[in-house]
Amino acid sequence: MSNTGLIITDLDNTLYDWVTYFATSFEALLHALESTLNMREEDLIEEFRVLHREYGTSEQPFIMLELPSVKDRFPGLDRSELLTQLEGPVRAFSEARRATLKLYDHVAETLETLDKAGYVFVAHTESSTVNAFYRLQRLGIDHFFRKVYVQSIRWDGHPLPEREAALRPPSGLIRELPKSERKPNPRLLVDICQQEGFEVDRTCYVGDSLVRDMAMAKEAGVLAIWARYGTRYDPALWDLLVRITHWTSEDVEQESRLREESGKVEPDYVLDSFDQLPSVLQLATGTVAM
């Protein structure tokens with residue numbers, strides 16, 4: 001079957017509700033740590049925030065092994081021994097993740113429908129390699145993607161060596177983009193099109209952010225399809241993420257400005273559920289194929 005067109009999709013809050021999943025799971029971890037270490041939540045959050053900024057990411061739950069309060073409470077233990085001592089917080093995070101990390105409705109079925117119609121799927125994410133692959137694999141949709149484009153392929157491993165093989169992506173799946181090509185730089189989408197062998201007029205981009213995703217897509221010349229459903233989550237959960245974020249105060253202010261500017265961006269099409277994508281593609285092109 002010839003390739004019908006290229007679909008570049010964001011991952012977080014486009015295929016699954018990342019804000020709800022991660023904030024809820026981290027909150028469960030935080031509460032369990034409070035009890036284990038007999039510490040105040042605010043003090044723990046400050047310790048996490050310092051380490052998150054040092055590592056440049058908020059998505060490393062096992063960073064709790066490096067918290068000053070953990071090292072003070074359990075001096076001299078290696079990472080495996082610390083995990084045993086922190087079994088409760090680890091279990092709390094895992095159970096919350098199991099309950100909340102789920103695909104939006106009809107995502108898997110829609111990916112399968114469009115895959116059979118000849119569309120090529122690639123993903124773009126600013127999450128780490130291991131986190132992006134883990135979620136796609138756990139959700140059972142990794143096989144739909146030809147490539148996953150990331151900002152950095154740095155592999156931080158896992159505290160338990162026996163878990164590494166299962167988490168390491170297969171060869172050829174992950175492709176690193178230049179550090180200069182971060183959202184909302186349209187060059188990153190142009191480069192993805194070139195690497196995948198598609199013209200921009202045979203490509204669409206699906207994402208939840210009007211400014212970071214849709215403005216970028218329109219400037220790159222690809223079809224901009226807004227996953228509006230991805231903006232529907234509890235604002236309190238977003239507030240928690242801001243409290244623990246690796247972003248600097250300048251980053252937070254910039255994000256606020258971008259959100260204020262989002263009303264000026266007009267996507268080409270809007271999705272209120274992912275299964276509307278086939279109809280949108282047909283409407284956009286006048287045919288099932290792009």
Side-chain angles (χ1 to χ4, degrees), residues 1 3-22 24-25 59 94 96-151 153 155 158 163 165-177 183 188-189 192-193 195-196 198 203-209 213 217 222-223 225-233 269 271-281 288 290:
M1 178 184 295
N3 293 329
T4 304
L6 178 65
I7 299 175
I8 307 172
T9 180
D10 182 39
L11 296 181
D12 297 347
N13 281 76
T14 298
L15 301 184
Y16 47 82
D17 185 348
W18 177 83
V19 170
T20 298
Y21 135 67
F22 191 73
T24 300
S25 301
E59 285 194 272
S94 297
R97 177 178 58 192
R98 191 177 305 115
T100 56
L101 178 55
K102 298 178 180 179
L103 293 171
Y104 285 117
D105 290 343
H106 312 299
V107 165
E109 303 95 311
T110 303
L111 290 174
E112 184 173 6
T113 295
L114 292 172
D115 178 67
K116 289 180 178 178
Y119 284 92
V120 171
F121 280 95
V122 300
H124 171 259
T125 181
E126 293 186 340
S127 292
S128 70
T129 297
V130 63
N131 285 327
F133 176 65
Y134 170 80
R135 290 193 282 262
L136 290 175
Q137 184 185 55
R138 185 180 181 90
L139 294 168
I141 58 172
D142 54 300
H143 62 286
F144 288 115
F145 292 89
R146 177 194 280 184
K147 291 284 191 307
V148 178
Y149 286 85
V150 300
Q151 300 302 144
I153 58 175
W155 171 256
H158 188 280
R163 291 290 307 281
L167 291 174
R168 192 178 293 276
S171 176
L173 177 66
I174 305 297
R175 186 71 58 85
E176 185 176 16
L177 288 165
K183 294 181 182 182
L188 77 87
L189 296 184
I192 289 175
C193 289
Q195 292 190 50
E196 297 303 322
F198 283 87
T203 302
C204 72
Y205 185 87
V206 186
D208 64 290
S209 171
D213 295 330
V222 307
L223 196 67
I225 303 177
W226 181 33
R228 179 164 58 189
Y229 57 85
T231 65
R232 297 166 184 157
Y233 48 77
Y269 293 92
L271 302 179
D272 284 310
S273 63
F274 194 76
D275 59 344
Q276 293 174 348
L277 183 55
S279 297
V280 163
L281 292 174
V288 175
M290 283 183 73

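Keep in mind that what you see is a predicted model, and the values were worked out from it rather than measured.
The stretch residues 124-133 participates, sequence neighbours left out, in these salt bridge (charged side-chain N to carboxylate O under 4.0 Å, His left out) pairs: Glu126-Arg182.
Judged as a side chain to side chain donor-acceptor pair (under 3.5 Å), and not counting sequence neighbours, the contacts of Tyr16 are Asp12, Arg135. Remark: Tyr104 engages Tyr229 in a ring pair (Phe, Tyr, Trp, His ring centres under 6.0 Å) (not counting sequence neighbours). Applying the side chain to side chain donor-acceptor pair (under 3.5 Å) criterion to Ser25, with sequence neighbours excluded, gives no partner residue. Shown here are the salt bridge (Lys or Arg N to Asp or Glu O under 4.0 Å) partners of Asp142, two or more places apart in sequence or in another chain: there are none. Arg98 pairs by the salt bridge (Lys or Arg N to Asp or Glu O under 4.0 Å) definition with nothing, not counting sequence neighbours. Taking the side chain to side chain donor-acceptor pair (under 3.5 Å) definition, one finds that Glu112 meets it with Lys116, sequence neighbours left out. Qualifying ring pair (Phe, Tyr, Trp, His ring centres under 6.0 Å) partners for Tyr149, counting only residues two or more places apart in sequence or in other chains: none. For Arg232, the salt bridge (Lys or Arg N to Asp or Glu O under 4.0 Å) partners at least two apart in sequence or on another chain are Asp272. For Trp18, the side chain to side chain donor-acceptor pair (under 3.5 Å) test picks out Glu59, with sequence neighbours left out. Applying the side-chain contact (heavy atoms from CB on, under 4.5 Å) criterion to Thr231, with sequence neighbours excluded, gives Trp226, Arg228. Residues satisfying the salt bridge (Lys or Arg N to Asp or Glu O under 4.0 Å) test with Asp275, not counting sequence neighbours, are none.
In this structure, Thr14 and Ala227 approach most closely via the heavy-atom pair CG2-CB, 4.3 Å. The shortest heavy-atom contact between Leu188 and Lys183 is CD2-N, 3.7 Å. Of all heavy-atom pairs spanning Arg146 and Leu173, the tightest one is O-CD1, 4.0 Å. Nearest heavy-atom pair across Leu139 and Lys102 is CD2-CA, 3.9 Å. In this structure, Leu11 and Ala132 approach most closely via the heavy-atom pair CD1-CB, 4.2 Å.
With a 4.5 Å cut-off on side-chain heavy atoms, Leu114 and Leu281 count as touching. Contact annotation: the side chain of Val148 never approaches that of Phe133 to less than 4.5 Å [non-hydrogen atoms, C-beta and beyond]. Side-chain contact check for Val122 versus Arg175: every heavy-atom pair is 4.5 Å or farther apart. Side-chain contact between Thr100 and Asp17 is absent, with no heavy atoms from C-beta onward closer than 4.5 Å. Residues Ile141 and Leu15 meet the side-chain proximity criterion, which asks for heavy atoms closer than 4.5 Å. Contact of the Phe274 side chain with the Leu103 side chain is not registered, since no non-hydrogen atoms from C-beta on lie closer than 4.5 Å.
For the atom pair CZ of Arg138 and CZ of Arg97, the computed distance is 5.0 Å after rounding to the nearest 0.5 Å. Rounded to the nearest 0.5 Å, atoms CD1 (Ile8) and CG (Asp213) are 11.0 Å apart. In this structure, CG in Leu271 is found 7.5 Å from OG in Ser273, a value given to the nearest 0.5 Å. Between the CG atom of Leu111 and the OH atom of Tyr119 there is a distance of 13.0 Å, given to the nearest 0.5 Å. The CD atom of Glu196 lies 13.0 Å from the CZ atom of Phe121; values are rounded to the nearest 0.5 Å. Distance check: Leu6 CG to Ile192 CD1 gives 8.0 Å after rounding to the nearest 0.5 Å.
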Worked verdict on Phe22 versus Leu101 for side-chain contact (heavy atoms from CB on, under 4.5 Å): CA-CA 8 Å; Phe22 191 73; Leu101 178 55; over 6 Å; no
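At least one donor-acceptor pair under 3.5 Å links the side chain of Asn13 to the backbone N or O of Val19. Thr203 places no side-chain N or O within 3.5 Å of a backbone atom of Val222 that could act as its donor or acceptor partner.
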